[in-house]
Number of protein chains: 2
Amino acid sequence: MNKERIPEAVIRRLPKYFRYLKEMEERGAVRVSSSKMSRDLGFNASQIRRDLNCFGGFGQQGYGYSVPKLRSEIARIMGLNREHTVAVIGAGNIGQALVSYDRFAREGFKVAAIFDVAPGRIGQEAGGQRIRPLSELEEFVKKTPVEIGVICTPQSAAQDTADLLVRLGFRGIWNFAPIDVQVPAGVSLENVHLNDSLYVLAYRLRAESSEI
Amino acid sequence: MNKERIPEAVIRRLPKYFRYLKEMEERGAVRVSSSKMSRDLGFNASQIRRDLNCFGGFGQQGYGYSVPKLRSEIARIMGLNREHTVAVIGAGNIGQALVSYDRFAREGFKVAAIFDVAPGRIGQEAGGQRIRPLSELEEFVKKTPVEIGVICTPQSAAQDTADLLVRLGFRGIWNFAPIDVQVPAGVSLENVHLNDSLYVLAYRLRAESSEI
DNA sequence: TAGATTGTTAATCGATTAACAATC
DNA sequence: TAGATTGTTAATCGATTAACAATC
């Protein structure tokens, strides 16, 4: 077990391990070796053992890893062993889709409420939730603590929304606006950037077609 | 200019350069230096010069880079100087949100059609498009060539959908299902993994709270 | 010309992979 | 015990950063 800072690359691989182990467990597997994981996930076996050892010695020489134990350890490391509460800011297409997307709820991320500023949207329904006026957010979080704010506003409102969420004590921000919002240290942030992903795809299409 | 393979890390930074230069151009900036970009983007200035030099010597000693020229070069490199056609497979929450999201259309990614298999969805409207039966996809792409397929199906149908898209000659796949789909060489693929991003956020929340 | 800034080589840093002793 | 596989150190690889000559 390594007590140093966890490299970003390792953190980004944790969800892959988790998804893999969850599937293995559902299929009834009880043990797995780093070499089997290597074959299935396409990561180097040394890398897998090294990654897992950042968090503790979960394996056993000569045997490998216990699938249920390793899955539950990784869930614990990622904080997936408890529920998270989420508030969605912006009830446009993406905001509504996220509220309606039951997969997140099934994985423990519960949408407590969805907010918007547009009078035409306030009061409408989205995913079984009444869309509330953003002006009620402050009061709402006083009654119902919420950890994660999801920014689904237009780009122009994204940074202001982030500032508001920080001021109201949100501890994590999941940003879908196509801009890197800035938050102070202590607030966790994931900028999603769907656009960037599409741009990278366009790049590859162009590169594939022009290089041969 | 460097004729070797472009590192993945450089490709992932291209969208950031593009967004930045677009904004600079809209504000009327005509020149920019690597050191100014470094301050604004938070990348090292050497890295920026090195990145841009992968594709060509776009700068001028003593002056820097022309904003409009660099923006248009990067647009060309990423294939953003032309339109792309897109078909969305799966008219659930995310599929419908993507069809309705006009930002993609504004950036040159036009949704030609949206498909589903559920009788309850077929014939309904989403973002001004009639939802078509997936069985019509083959016929559709014969008449209207489509480059990019967007997988918005449930996880269980994702790989089959990818296989179908490959068979029908799609050149790029943008996958929103929470699984790494496999495609043969020559087909470009971006797995989005919204879940993974949320898991990483949960990890950081947990790490922030337990390390101090 | 003098000043500025690129393009590019060299140095550093960090991440990945290989190797193997420890041990179940 | 013998075989298997981890945990961990050492070697390699690649990406980032620093330095500076080239040159506008």
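Chain letters run A, B, ... following the sequence lines, proteins first and then strands; every chain starts at 1.
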Subject >> Under 4.0 angstrom between A:Ser34 side-chain N/O and D:dT6 OP1 or OP2 >> reply: yes
**OP:** Would you indicate whether B:Arg82, at its atom CZ, is surrounded by more than 12 heavy atoms from other residues, nucleotides or ligands within a distance under 6.0 Å?
**Re:** yes
Subject >> Residue A:Arg27 excluded, over 12 heavy atoms near CZ under 6.0 Å >> reply: no
Subject >> Atom-pair distance (NZ on A:Lys36; C1' on D:dT6), nearest Å >> reply: 18 Å
Original post:
A:Lys69 versus A:Gln60: any side-chain heavy-atom pair under 4.5 Å?
Top reply: no
Original post:
Please give, in whole Å, the distance from D:dT16 C1' to A:Glu8 CD?
Top reply: 16 Å
Original post:
Rounded to whole angstroms, how far apart are CZ on B:Phe58 and P on C:dT8?
Top reply: 12 Å
Subject >> Electrostatic pair B:Arg76:B:Glu73 at N-O distance under 4.0 angstrom >> reply: yes
**OP:** Would you mind checking if A:Arg19 and A:Glu23 are paired as a salt bridge, meaning a charged N to carboxylate O distance below 4.0 Å?
**Re:** no
**OP:** Please report, rounded to the nearest Å, how far the C1' atom of C:dG7 is from the CZ atom of B:Phe55.
**Re:** 16 Å
Original post:
Can you check the B:Leu52 CG to C:dT5 P distance for me, whole Å?
Top reply: 16 Å
Subject >> For atom CD1 of A:Ile48 and atom P of C:dA15, their distance in whole Å >> reply: 17 Å
**OP:** Please report, rounded to the nearest Å, how far the P atom of C:dG14 is from the CZ atom of A:Arg12.
**Re:** 19 Å
Subject >> Closest listed nucleotide, where the reference is the side chain of A:Asn53 and the choices are D:dT16, D:dG7, D:dA15 >> reply: D:dG7
Original post:
Can you check the B:Asp51 CG to C:dG7 C1' distance for me, whole Å?
Top reply: 13 Å
Original post:
When the ring planes of A:Phe43 and A:Tyr17 are compared, do they come out parallel, tilted or perpendicular, using 30° and 60° as the limits?
Top reply: perpendicular
Subject >> 5'-to-3' dot-bracket of DNA chain C (Watson-Crick, G-U; under 3.5 angstrom; crossing pairs as [ ]; | other strand) >> reply: ..||||||||||||||||||||||
**OP:** Answer yes or no: is there an ion pair linking B:Arg204 with A:Glu8, defined by an N-O contact shorter than 4.0 Å?
**Re:** yes
**OP:** Classify the side-chain pair B:Asp163/B:Gln159 by whether it contains a donor and acceptor separated by less than 3.5 Å.
**Re:** yes
Original post:
Between B:Glu138 and B:Arg132, does at least one N-O distance fall below 4.0 Å, as a salt bridge requires?
Top reply: no
**OP:** Classify every nucleotide of nucleotides 17-24 of chain C by which part a protein heavy atom approaches to under 4.0 Å, writing B for the base, S for the sugar-phosphate alone and - for neither, in 5'-to-3' order.
**Re:** BBBB-BBB
